[in-house]
Amino acid sequence: MSIPAFSKLKFMCVVALASVGIATAACNTSKATIDTTVKFFSSTSPGSMFTADGMVEQNQKVNLFAGVAFENLRQDVAQGGGPYLTSLAVLMKIPSDRQGEFARFVQDRYPVLFTSDLATDHAAHLKMLAVLDRELEAHDRTN
(Lines give C-alpha, C1' and ligand atoms only; values in the text may rest on other atoms or scores of the structure.)
Protein backbone atom coordinates (compact mmCIF):
# COMPACT_ATOMS: atom_id res chain seq x y z
CA MET A 1 0.00 0.00 0.00
CA SER A 2 1.46 3.35 -0.98
CA ILE A 3 0.68 6.23 1.36
CA PRO A 4 1.48 9.84 0.46
CA ALA A 5 2.37 10.51 4.11
CA PHE A 6 5.08 7.85 3.85
CA SER A 7 6.85 10.02 1.25
CA LYS A 8 7.13 12.70 3.92
CA LEU A 9 8.71 10.15 6.27
CA LYS A 10 11.24 9.16 3.62
CA PHE A 11 12.10 12.82 3.09
CA MET A 12 12.51 13.34 6.84
CA CYS A 13 14.82 10.30 6.97
CA VAL A 14 16.97 11.68 4.14
CA VAL A 15 17.18 15.06 5.87
CA ALA A 16 18.09 13.39 9.17
CA LEU A 17 20.78 11.31 7.49
CA ALA A 18 22.27 14.33 5.79
CA SER A 19 22.21 16.61 8.82
CA VAL A 20 23.21 14.36 11.70
CA GLY A 21 24.34 11.12 10.11
CA ILE A 22 21.64 8.86 11.58
CA ALA A 23 21.94 5.28 10.38
CA THR A 24 19.51 4.11 7.73
CA ALA A 25 18.37 1.32 10.04
CA ALA A 26 16.39 3.87 12.03
CA CYS A 27 14.51 4.89 8.90
CA ASN A 28 13.86 1.27 7.98
CA THR A 29 12.55 0.63 11.50
CA SER A 30 10.22 3.62 11.18
CA LYS A 31 8.95 2.33 7.83
CA ALA A 32 8.36 -1.13 9.28
CA THR A 33 6.47 0.35 12.22
CA ILE A 34 4.33 2.51 9.98
CA ASP A 35 3.66 -0.34 7.54
CA THR A 36 2.65 -2.71 10.36
CA THR A 37 0.37 -0.11 11.95
CA VAL A 38 -1.27 0.76 8.64
CA LYS A 39 -1.80 -2.91 7.77
CA PHE A 40 -3.36 -3.62 11.17
CA PHE A 41 -5.75 -0.70 11.09
CA SER A 42 -6.54 -1.15 7.40
CA SER A 43 -7.62 -4.70 8.15
CA THR A 44 -9.69 -3.76 11.21
CA SER A 45 -11.12 -0.37 10.22
CA PRO A 46 -13.65 -0.36 7.39
CA GLY A 47 -13.42 2.22 4.61
CA SER A 48 -10.59 4.33 3.32
CA MET A 49 -8.25 5.55 6.03
CA PHE A 50 -6.50 8.38 4.19
CA THR A 51 -7.42 11.34 2.05
CA ALA A 52 -5.62 11.90 -1.24
CA ASP A 53 -3.11 14.16 0.52
CA GLY A 54 -2.21 11.52 3.13
CA MET A 55 -4.27 12.81 6.04
CA VAL A 56 -6.44 10.49 8.14
CA GLU A 57 -10.09 10.60 7.09
CA GLN A 58 -12.23 12.35 9.70
CA ASN A 59 -14.46 9.30 10.14
CA GLN A 60 -11.42 7.10 10.84
CA LYS A 61 -9.85 9.27 13.56
CA VAL A 62 -12.12 7.86 16.27
CA ASN A 63 -11.48 4.29 15.07
CA LEU A 64 -7.71 4.77 15.05
CA PHE A 65 -7.66 6.47 18.43
CA ALA A 66 -9.82 3.77 20.00
CA GLY A 67 -7.54 1.07 18.61
CA VAL A 68 -4.32 2.69 19.75
CA ALA A 69 -5.62 3.80 23.16
CA PHE A 70 -8.00 0.91 23.85
CA GLU A 71 -6.56 -0.23 27.19
CA ASN A 72 -6.16 3.35 28.41
CA LEU A 73 -9.74 4.07 27.36
CA ARG A 74 -10.89 0.99 29.24
CA GLN A 75 -9.22 2.30 32.40
CA ASP A 76 -10.58 5.85 31.97
CA VAL A 77 -14.11 4.59 31.36
CA ALA A 78 -13.93 2.35 34.45
CA GLN A 79 -12.77 5.35 36.51
CA GLY A 80 -15.36 7.68 34.98
CA GLY A 81 -12.85 10.09 33.50
CA GLY A 82 -9.31 10.74 32.38
CA PRO A 83 -7.33 12.12 29.48
CA TYR A 84 -8.11 9.29 27.06
CA LEU A 85 -11.84 9.51 27.67
CA THR A 86 -11.66 13.29 27.25
CA SER A 87 -9.78 12.82 23.97
CA LEU A 88 -12.42 10.36 22.76
CA ALA A 89 -15.14 12.87 23.62
CA VAL A 90 -13.33 15.58 21.67
CA LEU A 91 -12.87 13.31 18.65
CA MET A 92 -16.56 12.40 18.84
CA LYS A 93 -17.37 16.13 18.92
CA ILE A 94 -19.01 16.02 22.36
CA PRO A 95 -19.30 19.67 23.49
CA SER A 96 -16.97 20.50 26.38
CA ASP A 97 -19.88 21.42 28.66
CA ARG A 98 -21.33 17.89 28.20
CA GLN A 99 -18.14 15.85 28.57
CA GLY A 100 -18.75 15.14 32.27
CA GLU A 101 -22.18 13.76 31.40
CA PHE A 102 -20.58 11.73 28.59
CA ALA A 103 -18.00 10.30 31.04
CA ARG A 104 -20.75 9.19 33.44
CA PHE A 105 -22.77 7.80 30.51
CA VAL A 106 -19.95 5.58 29.25
CA GLN A 107 -18.92 4.55 32.77
CA ASP A 108 -22.48 3.30 33.39
CA ARG A 109 -22.20 1.22 30.21
CA TYR A 110 -18.72 -0.18 30.82
CA PRO A 111 -19.90 -3.84 30.94
CA VAL A 112 -21.51 -3.64 27.49
CA LEU A 113 -18.77 -1.52 25.92
CA PHE A 114 -15.78 -3.64 26.90
CA THR A 115 -16.69 -7.26 26.24
CA SER A 116 -13.34 -8.25 24.71
CA ASP A 117 -9.80 -6.98 24.35
CA LEU A 118 -7.47 -6.33 21.43
CA ALA A 119 -5.19 -9.22 22.39
CA THR A 120 -7.91 -11.75 21.58
CA ASP A 121 -10.11 -9.70 19.24
CA HIS A 122 -8.43 -7.28 16.85
CA ALA A 123 -11.78 -5.58 16.21
CA ALA A 124 -12.60 -5.01 19.90
CA HIS A 125 -12.19 -1.26 19.50
CA LEU A 126 -14.65 -1.18 16.58
CA LYS A 127 -17.15 -3.30 18.50
CA MET A 128 -16.86 -0.97 21.49
CA LEU A 129 -17.46 2.07 19.27
CA ALA A 130 -20.42 0.43 17.54
CA VAL A 131 -22.05 -0.33 20.91
CA LEU A 132 -21.28 3.21 22.09
CA ASP A 133 -22.91 4.68 18.97
CA ARG A 134 -26.02 2.52 19.50
CA GLU A 135 -26.20 3.48 23.18
CA LEU A 136 -25.85 7.19 22.35
CA GLU A 137 -28.56 6.97 19.69
CA ALA A 138 -30.92 5.17 22.08
CA HIS A 139 -30.19 7.76 24.77
CA ASP A 140 -30.88 10.63 22.33
CA ARG A 141 -34.18 9.07 21.26
CA THR A 142 -35.42 8.79 24.85
CA ASN A 143 -34.31 12.28 25.94
Side-chain angles (χ1 to χ4, degrees), residues 1-17 19-20 22 24-143:
M1 175 196 304
S2 176
I3 302 170
F6 178 68
S7 298
K8 294 176 189 174
L9 177 65
K10 283 175 74 175
F11 175 76
M12 291 184 327
C13 287
V14 170
V15 170
L17 285 169
S19 64
V20 291
I22 296 174
T24 58
C27 294
N28 291 336
T29 300
S30 296
K31 179 190 180 316
T33 301
I34 288 170
D35 287 349
T36 300
T37 303
V38 167
K39 285 178 186 172
F40 173 77
F41 283 109
S42 293
S43 67
T44 61
S45 298
S48 173
M49 290 185 62
F50 299 98
T51 63
D53 61 352
M55 301 301 292
V56 176
E57 289 278 355
Q58 181 62 36
N59 63 344
Q60 292 293 343
K61 288 180 182 180
V62 174
N63 293 348
L64 289 169
F65 177 75
V68 170
F70 188 78
E71 289 304 319
N72 293 314
L73 273 170
R74 179 192 299 263
Q75 291 174 10
D76 279 7
V77 170
Q79 295 171 6
Y84 293 92
L85 185 53
T86 299
S87 296
L88 178 65
V90 169
L91 285 171
M92 293 181 70
K93 301 186 185 308
I94 305 294
S96 58
D97 63 334
R98 302 209 52 210
Q99 289 179 9
E101 177 186 346
F102 175 74
R104 287 184 298 279
F105 179 85
V106 294
Q107 184 182 33
D108 290 344
R109 287 154 181 82
Y110 179 92
V112 296
L113 293 173
F114 294 96
T115 59
S116 60
D117 60 54
L118 286 176
T120 57
D121 181 358
H122 293 302
H125 63 297
L126 297 175
K127 291 175 183 174
M128 182 270 296
L129 291 172
V131 171
L132 179 56
D133 285 342
R134 282 194 305 270
E135 292 288 321
L136 286 168
E137 287 176 17
H139 178 73
D140 288 346
R141 281 192 305 268
T142 60
N143 291 325

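Positions are given from 1, in the same order as the sequence printed here. What you see is a predicted model; the values in this text were computed from it and never measured.
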Check whether N72 reaches the backbone of Q75 with its side chain - one donor and one acceptor, N or O, closer than 3.5 Å.
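A pair under 3.5 Å: no.
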For [X], all residues meeting salt bridge (charged side-chain N to carboxylate O under 4.0 Å, His left out), sequence neighbours excluded:
X    : value
D108 : none
R104 : none
K127 : D121

Name all pairs fulfilling the side-chain hydrogen bond (donor to acceptor under 3.5 Å, both in side chains) condition that reach into residues 87-99, sequence neighbours left out, sorted by first residue then second.
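Residue pairs with at least one partner in residues 87-99: R98-E101.
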Sequence neighbours left out, what pairs pass ring pair (Phe, Tyr, Trp, His ring centres under 6.0 Å) with at least one residue falling in residues 54-89?
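Matches after skipping sequence neighbours: F70-F114.
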Counterpart residues, side chain to side chain donor-acceptor pair (under 3.5 Å), relative to N143 (two or more places apart):
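H139.
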Among residues at least two apart in sequence or on other chains, which ones pass side chain to side chain donor-acceptor pair (under 3.5 Å) with T142?
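Expected list: none.
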Identify each donor-acceptor pair in which a side-chain atom of residues 128-136 lies under 3.5 Å from a protein atom, sequence neighbours left out, and give them as a table.
residue : atom : partner : partner atom : Å
E135    : OE1  : R109    : NE           : 3.0

Can you measure from CE (M55) to CD (Q60) and round to the nearest 0.5 angstrom?
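It comes to 14.0 Å.
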Atom CG of D140 and atom CD of E137: how far apart are they, to the nearest 0.5 Å?
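One finds 8.0 Å between CG of D140 and CD of E137.
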Least distance between heavy atoms, V112 atom then T115 atom:
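In this case the closest contact between V112 and T115 is O-CG2, 3.6 Å.
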Identify the two heavy atoms, one from G80 and one from A103, that lie closest to each other, and give their separation to 0.1 Å.
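Heavy-atom minimum between the residues: O-CB, 3.4 Å.
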Test of understanding: with side chain to side chain contact (heavy atoms under 4.5 Å, CB included), list the residues that count as partners of Q107, not counting sequence neighbours.
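With neighbours one apart ignored, the set is empty.
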Among V77, L73, L88, find the one that has a side chain to side chain contact (heavy atoms under 4.5 Å, CB included) with V106.
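Result for side chain to side chain contact (heavy atoms under 4.5 Å, CB included) with V106: V77.
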All pairs passing salt bridge (charged side-chain N to carboxylate O under 4.0 Å, His left out) where residues 74-92 contributes a residue, at least two apart:
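Qualifying pairs: E71-R74.
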